[in-house]
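Working notes, structure below.
Every chain is numbered from 1 and lettered A, B, ... according to where its sequence line falls, protein lines coming before strand lines.
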There are 2 protein chains.
Amino acid sequence: MSGSNAVAKSGAKSGAGSAELVQALVAGGELTDPDSPRGRLLNAAARLFVEKGFARTTVRDIAAEVGILSGSIFHHFRSKEAILCQVMREVTTFARARMEQAVTRERSPRGRLRACILCELEAIHGRAVPGFTILVSEWRSLSPESQKQVLRLREGYEQLWREVLADAGRMDDPALARRLLQGALSHSYNWYRPKRQGLSLDELAGQVLSLFARQGAA
Amino acid sequence: MSGSNAVAKSGAKSGAGSAELVQALVAGGELTDPDSPRGRLLNAAARLFVEKGFARTTVRDIAAEVGILSGSIFHHFRSKEAILCQVMREVTTFARARMEQAVTRERSPRGRLRACILCELEAIHGRAVPGFTILVSEWRSLSPESQKQVLRLREGYEQLWREVLADAGRMDDPALARRLLQGALSHSYNWYRPKRQGLSLDELAGQVLSLFARQGAA
DNA sequence: AACGCTACCAAGCAAGCGCTTGGTTATCAA
DNA sequence: TTGATAACCAAGCGCTTGCTTGGTAGCGTT
C-alpha cells in the first residue's frame, strides 16, 4: 500500500489528475512518453487492440494510425507481439498507480472498496486507462514468456485489491471475491453503455458494491 | 454438441443424462448428429476454438482433427465463420435445454438459482457443453448478421436466467444481476482449476450463490 | 565538413491464410 | 446396370500477413 515507486518519489499529490500521474511515471521511466514516436505507436496499438482485437489488427493498421509505413514499426519494436506486451506492461503500471492514488484518498474500508470498483470500471469504460480491457481479452495472445513479465507487474495491482477486499468485509476468501469481481467488471465492457442506460459508472459501482457486500461490513 | 463419450462423466445427477438430451434434440432437428461428418467437424471446431481461439485456428487444423483435407470442409460449410456460427447456435440450444432440465428439477427459488449457477459452471468447465465459453470469448469474431441469429436463440436462455433471479431474491434488477453473474462465471474459465485448488464446481457454485445473494431470500 | 543517430521510406519476400476447382470413390435406390 | 448423391482428394489460386532489407533525409555535435 505504501508506494515505494516512482510515483511517490516524484511527489504526486493525492488529487493529481491523470496528466500529472502520467508525467510522473514517464519521468520515473515506468511509462513511455506518449508524445514520442514509440509512445504514439503504443497508444494507437492499444486503441486498435481494444477496438478490433489483437489478431484482427495488422501492423499496417497500426502504422497507418500514426502515419508511417508498416515496415517502420520494426524500428521501434521487435515484433507485433512485443507491442502487445509493452502495451500490457504500461497499462498495468498506470492502472496500479491510479488505483493506489484512489485508495489512499479514502478513509473507510468500504469507501476504499468502492473506490477500487469505480477505478476499475473507469479503466474499462472511460479513457482513464486506454487499453485496460486487453489485459483480459487478449491475455492468451501473449506468449508464455511475455505473460510472465506482465504478471510480475500485475501482482502489485492484485495484491492491493485483495488487501482492500479483506479489509472491507467478512469475505471468507478475498482472492475468490477478487476473481469473481474481476470477471463481473471486465464483462461489463460488453454490455454497459452509459448513454443507452440511465446508469452512470458511479451508480454502477454502487450497485456492484451492494451486490457483493450486502451485509455491509464496516 | 456433446460428444457421445463425454456424457457418462457428467451424468452424475438425477434425471435424464446428457446423452438422452442430445438424442432428443438431434431427433427434433435442433442439433446436428455428433456422429455425422458435419457433427464431427462441429465438435472438432468447438474444441479448437476453445483451445486456441477462433483467429488462431485454421481450417487446416479443423480438417486435420477429423482426418480430412482442408478443402473438404467447404463441402459441409460455406465459410469458416459459418462453422463458428453453427457451433454457437448448437451450443446455445443445448445449454438452454440442459438448464431448463436442471431448473425444473428444483423446488425452491434459491435451489433453482443454485442450479443455474452450477449448470453454467459445468458448461464452462466440464465437458457438459463443449464450446460454451466461445459464446463470450469469440463473440466479436462473428459478423453482425450471425450475431443476430445466435442472439435470437440466446434470448430464451437469458430469459430463463432472469426469471430464476427475479424469483430467488430481492434483486432490484435481475438483468443487471445476470450480467454481473455472467461475467463472474465466464471469467472463471481463466483461473479455476479443479485439481490445483481443492474446490469442486459444486462448492464454487455455493460460494458464488452466497456472495451474490447473501441475504438468502427464499 | 564530417559524423553519428533517430526516424522513416520503398520494395518485397516467404509463409500462411480461406477458399475454389475439377475429379474420384463408395453407397444405395430404381 | 445405371444414375444420383454424399464425402472426400489433389492441387493450387489469390490474397494477406509479419517481417526484412537497403537506403535516405534531417538534425545536432564536434
Side-chain angles (χ1 to χ4, degrees), chain A residues 26 29 31-88 134 138 140-147, chain B residues 26 29 31-88 134 138 140-147:
Chain A
V26 169
L31 244 55
T32 304
D33 180 4
D35 287 329
S36 69
R38 188 182 155 97
R40 274 190 294 270
L41 275 173
L42 286 172
N43 273 321
R47 269 201 32 239
L48 288 169
F49 291 163
V50 169
E51 188 184 313
K52 322 199 311 173
F54 177 73
R56 282 176 294 276
T57 300
T58 71
V59 293
R60 284 167 178 82
D61 292 334
I62 303 172
E65 197 75 5
V66 302
I68 63 175
L69 291 188
S70 68
S72 306
I73 282 191
F74 299 91
H75 176 69
H76 300 281
F77 297 96
R78 284 178 15 264
S79 68
K80 185 191 173 189
E81 198 229 344
I83 302 179
L84 177 62
C85 181
Q86 189 60 26
V87 165
M88 286 193 176
I134 309 172
E138 299 295 343
R140 295 196 309 165
S141 299
L142 270 188
S143 68
E145 307 92 72
S146 301
Q147 285 186 352
Chain B
V26 169
L31 243 56
T32 305
D33 180 4
D35 287 330
S36 70
R38 187 181 155 97
R40 274 191 294 270
L41 275 173
L42 286 172
N43 272 319
R47 270 201 31 241
L48 288 169
F49 292 163
V50 169
E51 188 184 314
K52 322 200 308 174
F54 178 72
R56 283 177 293 277
T57 300
T58 71
V59 293
R60 285 167 178 84
D61 292 335
I62 304 172
E65 197 75 4
V66 302
I68 63 176
L69 291 188
S70 67
S72 307
I73 282 191
F74 300 91
H75 176 70
H76 300 280
F77 297 96
R78 284 178 14 265
S79 67
K80 184 190 172 190
E81 198 229 342
I83 303 179
L84 178 61
C85 181
Q86 189 61 25
V87 165
M88 286 192 176
I134 309 174
E138 299 296 342
R140 296 195 310 164
S141 300
L142 269 189
S143 69
E145 308 92 73
S146 301
Q147 285 185 353

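In this structure, A:F77 places its CZ atom 12 Å from P of C:dC8, rounding to the nearest Å. Here the P atom of nucleotide C:dT6 and the CD1 atom of A:I73 are 19 Å apart, to the nearest Å. If you measure from atom CZ of B:R60 to atom P of C:dT20, you get 13 Å, rounded to the nearest angstrom. For the pair A:L41 CG and C:dT6 P, the interatomic distance rounds to 16 Å; values are reported in whole Å. Straight-line distance from the CG atom of B:L69 to the C1' atom of C:dG22: 15 Å, rounded to whole Å.
Looking at heavy-atom distances under 4.0 Å, B:S70 makes contact with a base. A:S36 comes within 4.0 angstrom of nothing in the nucleic acid, heavy atoms only.
At a threshold of 4.5 Å between non-hydrogen side-chain atoms, the residues A:F74 and A:V59 count as touching. With a 4.5 Å cut-off on side-chain heavy atoms, A:I134 and A:S141 do not count as touching. B:L41 is not listed as a side-chain neighbour of B:I83, based on a closest heavy-atom distance of 4.5 Å or more.
Nearest-nucleotide positions on DNA chain D for A:G71 and B:H75 put B:H75 closer to the 5' end.
A sub-4.0 Å separation between OP1 or OP2 of C:dA7 and a side-chain N or O of A:S72 is absent.
The nucleotide range of DNA chain D contacted by chain B, defined by atoms under 4.0 angstrom from heavy atoms of the protein and reported 5' to 3', is D:dA6 to D:dG12.
Expressed to the nearest 0.5 Å, how far CG of A:L84 lies from CD of A:E81 amounts to 6.5 Å. Here the OG-CG distance, from A:S36 to A:L42, works out to 7.5 Å after rounding to the nearest 0.5 Å.
Without hydrogens or angle criteria, B:E65 side chain to B:A44 main chain gives no donor-acceptor distance under 3.5 Å.
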